[in-house]
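The structure appears right after this line, and notes come after that.
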Amino acid sequence: MRILLIEDEQKVSTLVKRGLTAERYAVDVTPDGFEGLEFAEVYPYDLIILDLMLPRVTGSDVLQRIRRKNVFVPVLILTARDSIDDKVKLFELGADDYLTKPFAFAELLMRVKALLRRGPVNRSSTLRVDDLELDRLTQQVKRGGKRVELTAKEYALLEYLMQNAERVLSRNMIIEHVWDQSFDGITNIVDVYVRHLRAKVDEGNTFKMIRTVRGTGYMIRGGSEA
Amino acid sequence: MNRNSLRARVTAFYVAMLAMALIFFSIAVYIGVRAYLTKSLERSLNTTAHSIEADYLAPLEVKGPAWFQAEMSESYPPGISDPFVRIFEAGKVLYDSGDMRDPPVRISDLPHPTTAEGLNDFHRTHSSTGQPLMVYTVAYTSPNGRLILVETGASMEPLQHLLHSLFLILLIATPGILFIAAVGGYMLMARPLRPVVALTEQAEHVGRKQMGERLPIIPSGDELERLSLALNRMIDRLEEALAHNQRFSADASHELRTPLTIIRGELEALLQMPALPAQAMDGISSALEEGDRMSRIVHSLMTISRLDAGGERMEMVPVELASIVRVTLEHMSLLAEEKSIALSCQTDERIYVTGDVMRLKQIVVNLVDNAIKYTPTCGAIAVQLFAERQRAVLIVSDTGIGIPAEALPAVFERFYRTDQARSRVSGGTGLGLAIVKAICGSHDGTLSIESVEGKSTTLRVELPLLQLSQREISDLHSIVVNPQTDRMPSREQVCEKPAEDLIHRKV
């Protein structure tokens, strides 16, 4: 899988390249929009990561030109702005996803993977992590065959964690997915709900599935390989 | 009519001036007319008396009393003569024109004049029936030394009638003129002030949505034209300053976020290193957490600047507040439970406002989050929503630590905190209330606070109430049922929507 990263901030591109390379992606980096366009025309990239604020030419111009040539390549936008204007405009211009700086690398990786997979995520009616089972049709959760009673929010949170099992989810991702942006200001809402969820899912079990990754967020993982 | 409007004040000023002039004029006219009438009555009495002396008394001794009687009866016929005439000699009546008939005045009852009374003098008296009279008495000494008293007199009633009428006319006319002047003046003033009214209305619009519009230039060549030009130049400068501010916000946001991204990335990379000592891990994690908080602060600051500058694009739609409040509280109930705080909610139905759903929710979230933060365990928080005087009122009150009275005015300022240590523990950004205030401002609403230190705090949000017809209400409810409208384009919207719907329906 080959990824093009158009980012003028050298330190950011180094970080992203290092992280993505560690995940076994081939990454080309260019700090210049025009050069980026040339690259995009020559090589068949699987994904383009595009910074919105470039010197010489703006990211939205680059995006427009890419779309004129190649309708299908997924484009992930990195932006330092977060006004709704910008977001709506980006989707109109043909961006597939965006990420607001600063971001957790885990979040970038997840979006990259989602875009490269290019298909629905796990849509099966049953999600399973180890002995924890979530039935999407009946909205029932069982651990080790025993029913776990959850509230609607706890259920949504657990479903999101299980859908992305083994991956770290930042508080921001969880808030935007399970709640919405109006809850942005109060991150401890995630901590409180995770604590409650933990009490219901992990209590009485020797293996604790819901993990805190300090400074980043939460993840759920099975114990079999740990 | 606004009593403080320029139009009313100018009109009032002119009417007052006119009133003073009119009153002065009326008094002068009245006094002048009275003096003139009195003078002419006196002159006529005086003339009559002296012509009697010259024409009839002087030849009396030559022509004899019979001639005198005949002449007098002809010139001053009894009962008809006005003024009346009486002539006496040593207490004996020489001639008497008798009672007057028109107007009827009894003269016969009048005392006879004596030499002791002032001669060549006018005096006022009353007839036995009460009519006012003016009487003039003059003494005539004949060549033979006979002393003859001539008395002429007239009723003052016609004169007084006239004066009374004049008084009435002035009394009615003055306020009448003033009223007409006031109404006319007020209407006339509308004309020169119309451009000012237009300027005001246009000025209200400028800056509400965008600065793009300008005030109408009044091509009158006078002070008003200069005013409109000056105002437009001021708007130009404001627009420039605002644009500068927004550019600054965007730039600052970019400049702060990029280093934050790098710091975060480097720290995350460090954390991935194998066999990291526990202390290093702790330090890096802590730095990451603080970095997180810093990004939240940057995010909130940018939000506030954009809301304040009117640069935030919001989707203003009719919204039913009660359901928003209830759903949001439900989402936050666990936060209150954690601290054993009783969270109660009392909402009136059918309270509609125009607003951005996301931002309205944020008002509730921030107010309730704030209340939970500053209320000790086992306290209580009450949320109320009702309509009052065309305003939708949202009240969030708690039994928390309260805020000292002297600190109240500063509460809505950015980064304000009553207790530094406390909020550090609760991890806030110190911008929650400032954001609520900015949102209220962008929705033409207000935010106010009341607090008793150590006891309670009450925050009150007021938004303009929206009156909807039955039809609009049913339209609105059919939209609200669709959960998609209260979410912004979500990052995972394509693949996650069905699950999301399930949850919403369950809630």
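Below, chains carry the letters A, B, ... as their sequence lines are ordered, and counting in each starts from 1.
Other residues, nucleotides and ligands place more than 12 heavy atoms under 6.0 Å from the CD atom of A:E35. Taking a 6.0 Å sphere around NZ of A:K11, one finds it holds 12 or fewer heavy atoms contributed by other residues, nucleotides or ligands. With a 6.0 Å radius and a threshold of 12 heavy atoms from other residues, nucleotides or ligands, A:K208 has its NZ atom above the threshold. Under a cut-off of 6.0 angstrom, the local environment of CE in A:M219 is crowded, with over 12 non-hydrogen atoms contributed by other residues, nucleotides or ligands. With a 6.0 Å radius and a threshold of 12 heavy atoms from other residues, nucleotides or ligands, B:M281 has its CE atom at or below the threshold.
For the atom pair A:R195 CZ and B:E338 CD, the distance stands at 4.0 Å (nearest 0.5 Å). If you take CG on A:N172 and CZ on B:R296, they are separated by 8.0 Å, rounding to the nearest 0.5 Å. For the atom pair OG1 (B:T261) and CG (A:D51), the distance works out to 9.0 Å, reported to the nearest 0.5 Å. Distance NZ/A:K153 to CE/B:M332: 12.0 Å, rounded to 0.5 Å. Between atom CH2 of residue A:W179 and atom NZ of residue B:K361 there is a gap of 12.5 Å, rounded to the nearest 0.5 Å.
Listed here is the closest heavy atom pair of A:Y193 and B:E330: OH-O, 4.0 Å. The two residues B:E289 and A:R214 come nearest to each other via the heavy atoms OE2-NE, 3.0 Å. Residues B:A269 and A:R18 come closest through the heavy atom pair CB-NH2, 3.4 Å. Scanning all heavy atoms of the two residues, the minimum distance from A:I189 to B:H331 falls at CD1-O, 3.8 Å. Closest approach of B:R257 and A:P102 over heavy atoms only: CG-CD, 4.0 Å. In terms of heavy atoms, B:I262 sits closest to A:L15 at O-CD1, 3.5 Å.
Contact of A:T14 with chain B is not made at all, since no heavy-atom distance falls under 4.5 Å. Contact annotation for B:I435: neither backbone nor side-chain heavy atoms come within less than 4.5 Å of a heavy atom of chain A. Neither the backbone nor the side chain of A:A22 comes within contact range of chain B; no heavy atom of the residue lies under 4.5 Å from a heavy atom of that chain. When heavy atoms are compared at a cutoff of 4.5 Å, B:Q272 does not approach chain A at all.
For the options B:L260, B:L334, B:L271, B:I263, heavy-atom pairs under 4.5 Å to chain A are most numerous at B:L334. Chain B forms the most heavy-atom pairs under 4.5 Å with one residue out of A:G19, A:A104, A:A106, A:S170, and that residue is A:A104.
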